There are 2 protein chains.
Amino acid sequence: MGPRILIVEDEEPLTLLLRYNLEAEGYEVDSVSRGDEAEIRLREQLPDIVLLDWMLPGLSGIELCRRIRVRPETERLPVIMLTARGEEGDRIRGLSTGADDYIVKPFSVPELLARVRALLRRTKPGHVATLLRAGDMELDRETHRVRRAGTELHLGPTEFRLLEFLMQSPGRVFSREHLLNAVWGHDVYIDERTVDVHVGRLRKAINLPQLPDPIRTVRGAGYSFDETFARAEATASAGR
Amino acid sequence: MGPRILIVEDEEPLTLLLRYNLEAEGYEVDSVSRGDEAEIRLREQLPDIVLLDWMLPGLSGIELCRRIRVRPETERLPVIMLTARGEEGDRIRGLSTGADDYIVKPFSVPELLARVRALLRRTKPGHVATLLRAGDMELDRETHRVRRAGTELHLGPTEFRLLEFLMQSPGRVFSREHLLNAVWGHDVYIDERTVDVHVGRLRKAINLPQLPDPIRTVRGAGYSFDETFARAEATASAGR
DNA sequence: TTTGGGGTGTCATTTAATTGTCATCCAACT
DNA sequence: AGTTGGATGACAATTAAATGACACCCCAAA
């Protein structure tokens, strides 16, 4: 199974939102609502990463983080701190308690996912693929670069995430709604047709002359990254 | 048997409509009309998914959903909320009570079925077949592709859903009325003869030369996906 | 602070595919 | 042969997607 994540957070709805999204990305999620519970849970089983609320009943997030750093077994356990705006005081202060990263609430879901991925990549290379390849396309999450048949392409941030998301599951068709959730974030109130426009822009950006369009429109359903294309050898130049 | 679904809904006709359609898809359906009854039923037997009306006598859907999330046994039970337009307030609000998805009434039956399938796929992979195969035909719900003896076919959205529905129960004969409900959705005021036309189009799309017609017309009754065909080996090319 | 860029979301417009209905033809059943 | 129900081709209306234009907004450079 995917990497394991422990959420330590006392706001029930937020926990659910996180769980929902993380599980959708293939993580195994466990959650507790109190700091002291978390400490116990951490003795039972070590997750690959911890999402830790700053303010917690039982044992504050800051204190818990310190304790995590003290125990040898958890010394290097990746921790992302969740803080409400205003609580942080300073970025430095957050990191100085020993967290590896921290996010200010309210945050967008895609952003959180990106941070989790980034942190896992840093700490457990191999657990997370940094390079997505499909056909003659390459997308590097780390360097944020996209290449088609060798040539470097320029994509805006949204197009990048859109392509990244589609390439993650080649062949699978996603509805506009699904794409909005996954690429833009849950709470946005954006017109579904906007997805069309971005797909259009993405296409314009990645379709060099002579090359086939890797993005498939499925009328009445949504869009997908063409899996036939994905499976095809990148024979464009090196006619192997 | 198929996955079990518990419907918690006080509008009798809606319950029947749901039951009828879900059973046609191979689910085992159980239903109660009050929130408190539902709680009891959930102690007896856990379904694989719950359809929960927002407004309920006895115990509101929202409250019931909260309670479901609190009990460890049902903590991760997939819940789809049914709300009347206007009641929802906000998508977030719906999801923040802990529902995994929510649908605004009035909804189309095919849409509901799609959501149920999607949720089951997320939570109980393996329980739901994403690929329907019958004879030399393949229909992939995930990629929205249809193949006959290896060749990719092009179907319009309606033909796709029609084929999908028929392939779900090979051999079973469906009346035009039933097909209209299942494929187009209830409330539609469409002429029954229109089904003929679509079956015709579907046939044209899937019947490559030399190959037999998998769709059987039952005079006076309706149409069905031929079960003899379905059981036949896909011997088309590899004459095994 | 002002001034350019990107980069975004929305709209109106254009283009294309899909749909529902009809009239007509055909086959099966009596 | 007559009747009934199904198949089919044509057609117009509808709906969905692609496209181009535009107004913002945010940020960085001047």
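Bear in mind the structure is a predicted one, so any value in this text is a computation, not a measurement. In what follows, chains are A, B, ... by sequence order, proteins preceding strands, each numbered from 1.
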What are the atom names and distances for every N/O pair under 3.5 Å that joins the protein to nucleotides 26-28 of chain D?
none

For [X] and [N], what is the distance between atoms [atom1] and [atom2] respectively, to the nearest whole Å?
X	N	atom1	atom2	result
Glu192(A)	dT15(D)	CD	P	16 Å
Tyr189(B)	dT21(C)	OH	P	7 Å
Leu180(B)	dT21(C)	CG	C1'	14 Å
Leu162(B)	dT19(C)	CG	C1'	13 Å
Leu179(B)	dG20(C)	CG	P	13 Å
Asp196(B)	dT8(D)	CG	P	10 Å
Leu202(A)	dT8(C)	CG	C1'	15 Å

*asked:* If you compare all heavy atoms of Asp196(B) against all heavy atoms of Arg193(B), which two are closest, and at what distance to 0.1 Å?
replied: OD2-NH1, 2.5 Å

Within less than 4.0 Å of OP1 or OP2 of [N], is there a side-chain N or O belonging to [X]?
X	N	result
Arg193(B)	dT21(C)	no
Arg176(B)	dG6(D)	yes
Lys204(B)	dG9(D)	yes

*Can you find a side-chain donor-acceptor pair between Thr217(A) and Arg203(A) that sits under 3.5 Å?*
yes

Do [X] and [Y] have side-chain heavy atoms sitting under 4.5 Å apart?
X	Y	answer
Ile7(B)	Leu22(B)	yes
Asn207(B)	Arg148(B)	yes
Tyr20(B)	Val29(B)	no
Asp213(B)	Phe229(B)	no

*Report the nucleotide, chosen from dG6(D), dG20(C), dT10(C), that has the shortest atom-to-atom distance to any side-chain atom of Thr217(B).*
dG6(D)

*Of all the choices, dT8(D), dG9(C), dG20(D), which nucleotide is nearest to the side chain of Trp184(A) once you look at every atom?*
dG9(C)

*Name of the residue among Leu179(B), Asp226(B), Val173(B) meeting side-chain contact (heavy atoms from CB on, under 4.5 Å) with Leu166(B)*: Leu179(B)

_Walk along nucleotides 11-18 of chain C from 5' to 3' and tag each nucleotide B, S or - by protein heavy-atom contact under 4.0 Å, base first, then sugar-phosphate._
B----BSS

_At less than 3.5 Å, do the side-chain atoms of Arg201(B) and the base atoms of dG20(C) form a donor-acceptor pair?_
yes

*Can you spot which of His198(A), His178(A), Arg176(A), Arg216(A) makes a side-chain hydrogen bond (donor to acceptor under 3.5 Å, both in side chains) with Tyr223(A)?*
Arg176(A)

*Tell me, please, which residues at least two apart from Ser169(A) pass side chain to side chain donor-acceptor pair (under 3.5 Å).*
none

*Answer with base, sugar-phosphate or nothing: what part of the nucleic acid does Tyr223(A) contact at a heavy-atom distance below 4.0 Å?*
sugar-phosphate

